[in-house]
A.B. asks: 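Attaching a single structure in structure tokens format; questions to follow.
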Amino acid sequence: MTRRTDVLVVGGGVTGVGVARDLAMRGADVVLVERDRLAEGTTGRMHGLLHSGARYAVADPESAEQCIRENAILRDVASHCVEDTGGMFVSLAGDDQEYFQEKLAACEAAGIPTDQVTPDVARQIEPELAETVERAFLVPDAAIDPFRLVAANAASAENHGATILTGHDVTDIDVSGGTVEGVTVATESGDTEEIEAAHVVNAAGPWVDAVLDGLSVDVPVEPAKGAMAVTNSRPVDTVVNRCRPKGEGDILVPHETTAILGTTDEPIDDPDDFDESRREIEFLTEELAEMVPSLTDARLIRSYWGVRPLYDPDADGGDSTATSRDFAVLDHEARDGIAGLTTVLGGKLTTYRLMAERVADEVGDKLDLQRGCRTGTEPLPGSRGEVDVREIMDRYEVRSPVGARTSERLGDRTEDVLDSGSPNPVVCECEAVTAAEIRDAIDTSGPDLGAVRMQTRATMGTCQGGFCSHRLALLLPAEYDQETVWEELEALLAERWRGQRFSLDGDHLSQVALNRALYHLSLNVRQATSERVDLDFERYDGGQPRGELSSGHEGGSQEGTR
Amino acid sequence: MSSDVPEPAVPDVDQSLRLEVAFLRGQSDPCYKCSTCDSVCPVATVDEDFPGPKFQGPEQWRLQRGTIDVDASIDACSNCLRCHAACPEDVALAEMHNVAREERVADRSRLKYLRDRLLANYGTLARIGSKAPRLTNWLANNRVLRGLGETLLGITAEREAPEFAHETFREWWGDRGGNTITRTDKRVAYFHGDYANYHTPEVGKALVQVYETLGYEVAVPPQRCSGTPMFANGFLDDAERAARVNVRELSELIEEGYDVVATCTSCSLALREEYPSLFDIDGIETVAEHTFDAVEYLLEGEELEAASLGDEGLPESISYHSPCHASAQGVDGRSIPVLEDRADVAVTDLGDDCSGMSGTYGWKAERYDSSMAIGADLFDEMTAAPGERAMTECPTCAMQMEHGTGYDVSHPIELLADALVEE
Amino acid sequence: MTRRYDVVVIGAGLAGRMAALAAAEEGVSVLLVSESESTMRSSTGLVDLLGYMDGRTDPIAEPFDSIPELPSSHPLHNRGESAILEAFGLFDEAVGDGYRGGHTDRNGLIPTQLGTPTPTARYPRSFEAGLLSRGEEMLLLGIEGLPGFDGPFAARELASYDPPFDVSGGTIDPFGSTLPEQPRLRLARALDENERWGAGGQPNGAQSAGSRTRARLAAEIERVHDGQNRIGLPAVLGRERTQEIRDDLADAVGVSIFEYPTDPPSLPGIRLADRLDRALRNRGVELRTGMEVSGVSIAESAIEHLQIDGGTRTVRGREFVLATGGLIGGGLVESDGRIVEPLLGLTVSHPERSEWVREDPLARQPFATAGLRIDQSLRPLDSLGNSDGRHRNSNPQFDNLRACGAVLGGYDLAYEHSAGGVAIATGVRAGRLAAQEGST
């Protein structure tokens with residue numbers, strides 16, 4: 001089968017969907033292909049920080065300025081993805097006090113508003129801060145949910161006519177006579193598709209060079225892994241940064257109902273195959289406990305690794321946090337003699353929209369699209385208005401905290417989603433996700449429970465899906481067959497399990513033990529998902545012999561008793 | 001440019017609230033969602049709008065951000081504390097519910113607020129009422145007034161008000177000579193509670209009789225309400241004020257070597273568990289460690305073992321109800337082996353159903369039906385058991401049991417007093 | 001001084017309760033103390049013995065054929081068949097007519113709410129008609145709006161195992177569009193009391209004049225009933241009067257109504273805990289909850305008394321049985337990379353931390369085998385023994401302490417479906433031995 005489109009975007013992270021949105025809004029016909037599910041790569045594995053730019057103010061002022069500008073824009077157009085937590089930089093006894101001053105000055109120079117506070121005030125704002133805090137200042141950091149951001153961009157792109165195809169893996173970029181003609185993709189079901197396009201945008205993050213495999217182009221992307229861990233409950237409501245030059249184990253970000261400990265920075269070769277070790281997670285806890293001592297004993301529910309797609313033209317290794325975090329838009333026609341191909345790499349989630357704008361400007365010029373980017377002013381779906389939480393609660397009879405969480409996630413779509421009829425029980429109790437919200441996510445993303453998880457936060461809470469995985473799966477049979485339901489449940493359990501393997505401590509190990517009792521003893525999932533063997537029912541107990549069952553209480557029947 | 005970015009500023013937040021949120025949010029850490037708390041909740045079985053302690057506790061507290069937004073359903077919680085006692089992971093459910101109730105006070109209508117404040121500060125009302133017991137009794141049981149009470153304040157007219165004794169326990173104690181302490185050991189400070197003082201002084205008298213017979217000396221210190229009705233209605237400040245008095249008075253005696261004994265198991269639970277978890281008062285931990293249930297305390301010593309007991313004046317059979325607040329501290333039914341083995345009383349254990357009364361809960365008009373629905377099983381068990389007498393350590397359970405069956409309900413210490421043969 | 005009990009059991013799970021019952025049967029004084037309620041209340045109410053052997057996906061039909069093949073570290077390994085049967089006999093006696101399955105040594109297969117067959121040694125009476133080895137045509141019902149239940153899905157799943165009967169699925173809607181906040185607990189109560197329903201579509205206690213709960217439920221069942229001989233519902237048929245409710249429903253619908261097990265809140269788990277409590281009371285066992293053991297006083301390698309709540313209260317006993325549970329019950333906890341026994345600091349055997357998990361979430365997990373090592377008399381040992389599983393140089397940590405149930409190591413109760421087996425077999429033995437020692 002062959003599709004035709006103006007622009008083919010490779011990569012379903014935030015940059016890819018951001019590009020798709022921008023170009024679609026400018027009138028281009030856009031198809032986006034993503035090998036797995038949206039946000040499965042770097043975007044879905046970051047620390048949830050909407051930068052104020054303060055982290056880059058000293059080492060990379062240009063980045064810092066971009067960040068503060070985009071910070072303002074995203075608070076506006078992506079409001080339902082952003083929680084205004086505020087941020088602070090703290091300096092502990094023994095930290096470099098000169099650097100503290102340097103940082104403050106650099107923020108000012110970059111246009112990042114700051115407010116220096118005493119340690120006492122800092123601890124008033126965040127009671128969990130260590131007694132050793134000597135200096136602190138506030139910055140306009142915020143928390144952002146990358147999944148919602150991606151989902152909103154994808155929805156907007158689709159609203160403007162784009163087609164988003166997940167489970168489509170680019171196997172070849174088809175070039176003829178120095179011009180890109182399109183791509184070949186392999187789909188999840190094993191089919192092959194050709195997609196003809198006037199222009200291809202390679203937004204595959206750490207995989208940009210893998211996508212370009214087969215062409216004689218060299219894109220020096222330097223993948224670097226970072227470890228992160230997630231607490232069960234929020235010890236802080238403000239983004240807390242350690243004010244020091246070295247960049248590891250120095251940030252704690254409130255994220256929805258949890259907090260994320262971040263991060264490390266280590267170059268790797270293959271973004272699909274690298275080491276993940278418990279030691280990295282222990283390191284994060286130890287380092288961050290210097291700022292927030294309760295982290296030592298806090299319950300961690302999950303750990304994960306993300307891979308940054310760093311761009312370093314010098315490509316000589318070195319400390320990658322010191323490398324410019326600037327992004328690059330590579331025009332392969334000018335650079336490599338291949339027309340119709342653009343690669344974008346580097347950057348960070350906070351500046352995704354700006355990156356997408358630059359890509360769209362360049363591609364738009366080549367394709368002669370209407371000029372003018374509107375992504376900085378037009379709100380994303382979900383961010384188009386205030387939600388009256390009280391009214392929602394009353395009308396749809398949802399409990400107060402459930403209503404609050406639902407509206408925080410859905411924004412202006414809350415009413416539409418909840419207006420789907422009663423009853424509407426809570427399915428994921430830890431994260432307060434109702435059946436209506438799950439069904440809405442299934443409508444958008446199909447039976448992929450991983451995508452449902454990302455959109456709704458179901459299974460991302462305290463029990464990590466112990467109690468609700470099967471409930472999610474049982475919302476699928478309305479539209480999907482038995483095999484799909486079990487496949488999806490199995491995949492969900494495997495993914496959740498993987499994330500917990502380094503958080504089997506204290507309370508969470510007890511959780512995992514209880515979850516296992518549920519899966520095996522209450523639900524006996526393994527019997528269904530393992531290879532089917534014939535059961536000889538005659539060998540098992542058929543109950544005590546009795547008369548016929550048909551008319552009465554518990555009669556028995558002569559056949560079937562053993 | 002950055003004009004759209006909010007200027008960072010110190011948020012204006014109530015600091016003690018902030019600390020409370022921080023603590024209670026973290027209490028979701030030990031929770032592993034087993035639902036044992038829900039499985040013991042009596043309200044959830046009778047009230048279709050009640051989500052249960054798992055949600056009202058660790059789930060909703062984990063969702064809180066900075067400000068507190070608690071669900072209204074906590075109003076229907078009876079404060080039986082079964083969830084707290086049942087939790088295998090020691091989640092601080094009682095504290096979560098108490099703070100949630102405190103948050104809800106602000107959302108009450110004026111009349112409801114007044115009603116709840118009156119019920120919570122029952123001790124104050126009772127003190128006034130006890131000055132003229134006969135008049136108070138007449139007024140309290142006047143049908144018209146009861147009807148008005150329900151219409152205006154939401155205090156149910158279905159129940160008869162407990163009778164005021166013509167002489168309070170403290171008045172009796174004073175007339176008797178007050179605290180006359182001569183020993184340096186075997187001394188107990190009696191925390192009688194408001195109910196025994198004003199309505200059932202015979203319970204206090206029985207305690208004094210039992211303890212003195214066994215060779216103890218009893219002191220009755222100045223005391224305020226233990227706070228249970230205040231916790232149950234969210235008036236934590238009122239409870240703290242009362243706690244300060246109690247801790248001060250009891251600490252003094254504990255320092256001199258006394259232990260504190262209580263006949264009401266809600267009082268002993270409050271002093272032992274809720275005090276140290278809710279309030280930061282000097283000496284509160286010591287009070288908690290030195291507070292005992294009256295019968296439990298005797299069983300820790302040797303005197304009861306050595307005493308002579310007889311069955312004269314005792315019923316042949318009696319049924320026993322375990323108050324939720326008693327089993328929460330493992331002190332329920334401690335008198336049963338003594339009465340059965342040594343005083344020939346056949347005791348029918350009524351099981352561990354909740355009576356549904358839970359102090360002020362059963363007095364609220366909007367909760368009366370739930371209260372009686374919860375108690376229905378207990379009433380059936382009582383009726384099925386031999387005899388028409390029952391006993392329990394909790395005075396409000398006793399109130400409910402009497403209301404539901406018409407039986408005479410005693411405190412176990414009264415039976416012990418009858419059983420003890422004077423040497 | 002407080003009374004000195006002959007046997008003190010710590011922990012009120014299945015193992016602890018069985019230990020207390022077994023000790024009481026010997027005629028000694030027994031005290032059962034527990035900090036909280038048992039997580040038994042969240043269990044399905046099924047009582048297994050041994051359901052799966054390593055690496056096999058077909059459930060065991062004859063557990064006694066497989067038990068001898070268990071590794072020597074497994075708590076069931078040295079339990080002879082007659083001892084296990086006897087222990088289960090004590091369980092059968094305690095739960096009376098509420099449970100079935102004791103007429104045979106074979107496991108029965110019961111359908112879960114997902115329709116998967118699950119093996120069990122004992123099952124509540126209300127589950128019996130749902131046994132998968134019977135031949136009657138089956139209808140599996142889910143309840144509208146209740147997350148986690150889908151009758152047709154479960155039926156399709158069950159059918160895929162080719163059972164000796166036709167099975168179909170359906171959905172009933174007893175609540176209309178307004179689900180109670182706690183549908184199972186509320187419905188169970190409404191069924192027990194056979195409450196009348198009000199105009200708001202809810203059971204409404206005494207005040208309304210609408211139809212009664214059992215009749216309403218029967219009508220709903222009849223609506224979807226299509227001739228099948230037995231109809232399965234999620235286990236919500238009351239907490240106290242299950243049999244009466246089933247009889248009423250069967251009378252109305254004309255066929256047998258059975259229950260199938262559920263995830264928490266689980267009524268059969270609650271019923272089992274209640275039943276065992278009654279059995280304990282009838283046997284004269286003193287049961288005290290709310291008792292947190294905070295320390296222990298020792299004299300010459302024997303436990304003298306337990307300290308409760310910081311030491312101001314004590315519990316004295318001659319013999320002690322530790323039945324505090326495993327990682328679920330809180331008898332074992334993770335601390336600093338090790339699994340420890342927090343109450344008495346007993347030695348816990350467990351694999352190296354890097355070996356704790358396998359990649360497949362549903363595989364046997366090595367960490368789950370953590371627990372105490374015991375001698376023949378069920379006394380926890382002070383060292384981990386030699387690699388061959390023998391304990392030549394190990395000694396019991398306390399002379400008068402035994403352990404039973406999930407605090408023991410060497411087995412994976414979830415994977416094997418052996419929670420009940422170990423709890424009952426070791427609980428009864430520990431209780432009996434403690435009673436025999438304690439009465440001398």
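Chain naming here is simple, since letters A, B, ... match the order of the sequence lines and numbering starts at 1 in each. Quantities reported herein were computed from a predicted structural model and do not represent experimental measurements.
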A.B. asks: Using non-hydrogen atoms and a 4.5 Å limit, figure out which bit of B:Glu296 sits close to chain C: side chain, backbone, both or neither.
C.D. replies: side chain
A.B. asks: If we define contacts as heavy-atom pairs under 4.5 Å, which of C:Glu240, C:Arg278, C:Met40, C:Arg184 has the most with chain B?
C.D. replies: C:Glu240
A.B. asks: With a 4.5 Å cut-off on heavy-atom pairs, point out which of B:Ser322, B:Ala328, B:Ser327 contacts chain C the most.
C.D. replies: B:Ser327
A.B. asks: Go through the atoms of B:Tyr297 and report whether side chain, backbone, both or neither lie under 4.5 Å from a heavy atom of chain C.
C.D. replies: neither
A.B. asks: So for B:Asp259, is it side chain, backbone, both, or neither that comes closer than 4.5 Å to the heavy atoms of chain C?
C.D. replies: neither
A.B. asks: Which one wins on heavy-atom pair count under 4.5 Å against chain C: B:Arg334, B:Glu289, B:Lys54?
C.D. replies: B:Arg334
A.B. asks: On a heavy-atom basis, which atom in B:Phe292 and which in C:Arg313 lie closest, and how many Å separate them?
C.D. replies: CE2-CG, 3.8 Å
A.B. asks: Less than 4.5 Å to any heavy atom of chain C: does that hold for the side chain of B:Arg82, its backbone, both, or neither?
C.D. replies: neither
A.B. asks: Provide the closest heavy-atom pair for C:Leu185 versus B:Asp38 in the form atom of the first, atom of the second, distance.
C.D. replies: CD1-O, 3.3 Å
A.B. asks: Verify, without hydrogens or angle tests, whether C:Arg189 (side chain) and B:Ala373 (backbone) share a donor-acceptor contact under 3.5 angstrom.
C.D. replies: yes
A.B. asks: Identify the two heavy atoms, one from C:Glu37 and one from B:Thr36, that lie closest to each other, and give their separation to 0.1 Å.
C.D. replies: CB-CG2, 3.6 Å
A.B. asks: Go through the atoms of B:Ala85 and report whether side chain, backbone, both or neither lie under 4.5 Å from a heavy atom of chain C.
C.D. replies: backbone
A.B. asks: Would you confirm whether C:Ser42, through its side chain, and B:Cys34, through its main-chain N or O, come within 3.5 Å as a donor-acceptor pair?
C.D. replies: yes
A.B. asks: Within this structure, what is the CG-OG1 distance for the pair C:Asp309 and B:Thr291, rounded to the nearest 0.5 Å?
C.D. replies: 11.5 Å
A.B. asks: What part of C:Asp192 lies closer than 4.5 angstrom to a heavy atom of chain B: side chain, backbone, both or neither?
C.D. replies: neither
A.B. asks: How many angstroms lie between atom CZ of C:Arg288 and atom CD of B:Gln329, to the nearest 0.5 angstrom?
C.D. replies: 12.0 Å
A.B. asks: Considering all heavy atoms of both residues, which atom of B:Cys87 and which atom of C:Ser36 are nearest to each other, and what is their separation?
C.D. replies: O-CB, 3.2 Å
A.B. asks: How far apart are the closest heavy atoms of C:Ile328 and B:Glu89, and which atoms are they?
C.D. replies: O-OE2, 4.3 Å
A.B. asks: Heavy atoms only: give me the nearest B:Pro337-C:Glu286 pair and the separation to one decimal.
C.D. replies: CG-OE2, 3.7 Å
A.B. asks: Kindly compute the distance separating OG1 (B:Thr45) from CD (C:Glu193), expressed to the nearest 0.5 Å.
C.D. replies: 9.0 Å
A.B. asks: Counting C-beta onward and ignoring hydrogens, is there a side-chain heavy-atom pair between C:Thr314 and B:Glu300 closer than 4.5 Å?
C.D. replies: yes
A.B. asks: Any side-chain to backbone donor/acceptor pair from B:Ser39 onto C:Pro265? Under 3.5 Å, distance only.
C.D. replies: no
A.B. asks: Of all of C:Ile270, C:Asp263, C:Leu267, which one pairs up most often with chain B through heavy atoms under 4.5 Å apart?
C.D. replies: C:Ile270
A.B. asks: Does any heavy atom of chain C fall under 4.5 Å from the side chain of B:Ile374, the backbone, both, or neither of them?
C.D. replies: backbone
A.B. asks: To the nearest 0.5 Å, what is the distance between CG on B:Asp49 and OG1 on C:Thr178?
C.D. replies: 9.5 Å
A.B. asks: Donor-acceptor pair, C:Gln182 side chain versus B:Pro51 backbone, under 3.5 Å?
C.D. replies: yes
A.B. asks: Can you find a heavy atom in the side chain of B:Val40 that is under 4.5 Å from one in the side chain of C:Arg41?
C.D. replies: yes
A.B. asks: Counting heavy-atom pairs under 4.5 Å to chain C, which of B:Asp90, B:Ile336, B:Asp352, B:Leu298 comes out on top?
C.D. replies: B:Asp90
A.B. asks: So for C:Ser38, is it side chain, backbone, both, or neither that comes closer than 4.5 Å to the heavy atoms of chain B?
C.D. replies: backbone
A.B. asks: If you count every heavy atom of other residues, nucleotides or ligands that lies below 6.0 Å from C:Asp336 atom CG, does the total exceed 12?
C.D. replies: no
A.B. asks: Between CZ of C:Arg239 and CG of B:Asp377, what distance do you get to the nearest 0.5 Å?
C.D. replies: 8.0 Å
